[in-house]
Protein chains: 2
Amino acid sequence: MSKRVCEDCGVREVGLCGSLDDAELADLNKIGRRRHIERGETIAWAGDESQTCGNVLSGMFKVSAALADGREQTVGLLYPADFVGRPYASTNDFSITALSDAEVCVFPATAFEETLEQHTKLERELLRRTLSSLDEARERQLMLARASAGERVASFLMVMARKTSGMRPSPEGPLTFDLPLSRGAIAEVLGLTIETVSRQMTKLRAAGIIALPGGRAVTILREAALEEIATAA
Amino acid sequence: MSKRVCEDCGVREVGLCGSLDDAELADLNKIGRRRHIERGETIAWAGDESQTCGNVLSGMFKVSAALADGREQTVGLLYPADFVGRPYASTNDFSITALSDAEVCVFPATAFEETLEQHTKLERELLRRTLSSLDEARERQLMLARASAGERVASFLMVMARKTSGMRPSPEGPLTFDLPLSRGAIAEVLGLTIETVSRQMTKLRAAGIIALPGGRAVTILREAALEEIATAA
DNA sequence: CGCCTTCTTGACTCCTGTCAAGTCCCGTGG
DNA sequence: CCACGGGACTTGACAGGAGTCAAGAAGGCG
């Protein structure tokens with residue numbers, strides 16, 4: 001039953017838990033449990049009680065919310081090793097949904113909060129990560145408020161190019177990678193419609209800046225040109 | 001010289017420092033210094049080194065950034081008792097500018113980080129506040145991405161009505177208060193132009209939902225109607 | 001091979017930004 | 001006390017970018 005979940009953890013070094021040594025990890029090990037999540041499954045609903053926290057082991061999640069009439073927006077993306085959940089709150093302001101099949105290491109929120117208070121290093125690391133997330137959320141505000149559709153798509157592609165380990169035929173050759181998100185999911189992140197995202201992609205292809213070899217693959221042909229559009233030069 | 005800055009601090013109870021008792025406060029007292037800021041003065045520049053942290057004692061600040069071509073956006077507002085600054089980062093991602101004359105209690109960033117590490121209660125309180133700021137920044141993303149100009153202005157007025165202690169002639173009577181921001185500053189928060197903000201205000205006045213008695217004063221005549229527009233029902 | 005989802009493309013509308021005058025407000029100085 | 005000046009705000013005309021509605025093409029899975 002009490003399997004040593006931390007022992008073969010793929011994100012042991014880079015996750016929140018990387019701040020703890022093996023002995024300290026024991027407390028987390030006691031309350032943690034590994035869970036498999038299907039693509040599309042929502043593990044936390046906006047408005048519901050905040051009951052669990054955890055770490056993403058594999059796969060991707062979106063943090064999103066909707067207006068009363070159904071308009072939806074993704075306000076954050078979670079990658080492997082990212083922290084999931086909202087400690088110190090009674091209810092969630094946002095839903096968390098898997099964008100791909102995923103694995104998460106989950107803790108009951110109250111037990112996790114107690115562990116936080118006993119391990120200063122863990123708490124400090126969570127503070128650092130939360131401050132970074134805040135900076136990121138504010139950068140996204142800037143984009144959503146002021147960037148054009150073309151700028152949003154270009155900067156999204158640059159971010160994805162960096163996050164996703166794609167293939168280059170040669171050093172400095174064109175980079176090809178698969179987008180981990182559908183057009184719909186991209187639109188929801190960028191605050192646009194599917195149609196607008198699609199049109200902007202076509203426009204970049206027509207300009208010879210990217211190629212779309214099929215599926216969700218993207219090849220960046222002229223990185224400098226894409227970067228220039230992305231940074232609103 | 002080493003004046004007891006904390007003794008007559010107006011936000012002693014509600015600020016970050018409220019988590020400490022008098023003895024613990026001594027450490028902060030040693031490194032803190034009170035500073036007066038003029039309206040329009042920028043106390044931290046995006047891109048510069050992150051050198052100071054602090055607490056707002058009085059007045060208001062905006063947290064903002066600009067795109068390469070000059071388009072600007074406010075990504076957060078700071079009120080008395082709010083924490084200012086960005087610990088654990090070498091440079092600031094955002095500028096912090098006084099929207100009114102203000103007073104701040106400032107600490108050198110490195111000294112403050114050391115104090116944080118010695119006082120778990122302080123660190124926990126900062127974590128709680130940072131998590132709240134993150135939620136707020138994400139709510140703003142939702143608004144900037146999906147709300148119409150009318151919805152943005154209505155929800156802004158609702159927030160300001162709650163934050164600002166205005167006057168009611170009778171309980172449940174119409175509420176009147178002064179906006180602490182100029183039209184330009186409001187536009188920068190809402191991701192709109194001055195003209196659009198102005199037009200939406202006029203529209204609400206024409207609909208009999210608010211009155212604009214002059215200056216920056218606003219009277220909310222039909223709170224329920226305003227709330228309905230704000231929540232995008 | 002065929003169905004169903006996802007993606008692309010087109011035509012049209014409308015909201016918001018831009019540019020350009022005015023008007024109001026308030027403090028200053030005559 | 002009132003005229004003046006400058007910033008903040010309002011209003012109008014117009015244009016353009018992104019949303020909406022509607023087909024149609026492409027891709028994936030059974």
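Here is the naming used below: chain letters follow the sequence lines, and residue numbers restart at 1 for every chain.
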> So where does chain A start and stop touching DNA chain C, 5' to 3', when the test is distance under 4.0 Å to a non-hydrogen atom?
Replying inline: dC7(C) to dA11(C)
>> Considering every strand and a 4.0 Å limit on heavy-atom distances, what is the contact class for Gly184(A): base, sugar-phosphate, or nothing?
In response: sugar-phosphate
> Got a salt bridge between Arg146(A) and Asp69(B), using NZ or NE/NH1/NH2 to carboxylate O under 4.0 Å?
Replying inline: no
> Can you name the residues that form a side chain to side chain donor-acceptor pair (under 3.5 Å) with Thr52(A), not counting sequence neighbours?
Replying inline: none
> When the distance from CG of Leu204(B) to P of dT11(D) is rounded to whole Å, what number comes out?
Replying inline: 13 Å
> Side chain of Ser155(A), backbone of Arg152(A): donor and acceptor closer than 3.5 Å?
Replying inline: yes
>> Going by salt bridge (Lys or Arg N to Asp or Glu O under 4.0 Å), name the residues that satisfy it together with Glu103(B), two or more places apart in sequence or in a different chain.
In response: none
> How long is the line joining CD1 of Ile210(B) and C1' of dT10(D), in whole Å?
Replying inline: 13 Å
>> Restricting to side chain to side chain donor-acceptor pair (under 3.5 Å), what partner residues turn up for Glu227(A), sequence neighbours left out?
In response: Arg162(A)
>> Just to verify, what does Arg138(B) make a salt bridge (Lys or Arg N to Asp or Glu O under 4.0 Å) with, not counting sequence neighbours?
In response: none
> Could you state the CD-P distance from Gln200(B) to dG12(D), rounded to the nearest angstrom?
Replying inline: 14 Å
> How about Thr42(B) and Thr97(B): does a side-chain donor come under 3.5 Å of a side-chain acceptor?
Replying inline: yes
> At what distance, to the nearest 0.5 angstrom, does OG of Ser95(B) lie from CD1 of Ile43(B)?
Replying inline: 10.5 Å
> Among all residues two or more places apart in sequence or in another chain, which pass the ring pair (Phe, Tyr, Trp, His ring centres under 6.0 Å) test with Phe112(A)?
Replying inline: Phe83(A), Phe107(A)
>> Just to be sure I follow the notation: if a pair is Watson-Crick (purine N1 to pyrimidine N3 plus N6-O4 or O6-N4) or a G-U wobble (N1-O2 and O6-N3), each under 3.5 Å, what dot-bracket string does DNA chain D give, with | for pairs to another strand?
In response: ||||||||||||||||||||||||||||||
> In residues 185-196 of chain A, which residues come under 4.0 Å of DNA chain D by heavy atom?
Replying inline: Gly191(A), Leu192(A), Thr193(A), Glu195(A), Thr196(A)
> So, does Gln141(B) use its side chain to make a donor-acceptor pair with the main chain of Val75(A) at under 3.5 Å?
Replying inline: yes
> Between dA25(D) atom C1' and Leu212(A) atom CG, what is the distance in whole Å?
Replying inline: 15 Å
>> So, OP1 or OP2 of dG27(D): does either fall under 4.0 Å of a side-chain N or O from Arg183(A)?
In response: no
>> At less than 4.0 Å, is any side-chain N or O atom of Arg199(A) found next to OP1 or OP2 of dG17(D)? Yes or no.
In response: no
> What nucleic acid atoms does Ser182(A) come within less than 4.0 Å of, heavy atoms only: base, sugar-phosphate, or nothing?
Replying inline: sugar-phosphate
>> Applying side chain to side chain donor-acceptor pair (under 3.5 Å), can you list everything that pairs with Arg35(A), at least two apart in sequence or on another chain?
In response: Glu41(A)
> Residues in salt bridge (Lys or Arg N to Asp or Glu O under 4.0 Å) with Asp135(B), at least two apart?
Replying inline: Arg86(A)
> Rounded to whole angstroms, how far apart are CZ on Arg216(B) and P on dG7(D)?
Replying inline: 15 Å
> Just checking Arg152(B): base, sugar-phosphate only, or nothing, at a heavy-atom cut-off of under 4.0 Å?
Replying inline: nothing
>> Quiz question: by atom type and distance under 3.5 Å, do the side chains of Thr176(B) and Thr219(B) form a donor-acceptor pair?
In response: yes
>> Give the residues of residues 141-149 of chain B touching DNA chain C, defined as any heavy atom closer than 4.0 Å, sorted by residue number.
In response: Ser148(B), Ala149(B)
> Quick one: side chain to side chain donor-acceptor pair (under 3.5 Å) pairs with a partner in residues 194-217 of chain B, sequence neighbours left out?
Replying inline: Thr193(B)-Thr196(B)
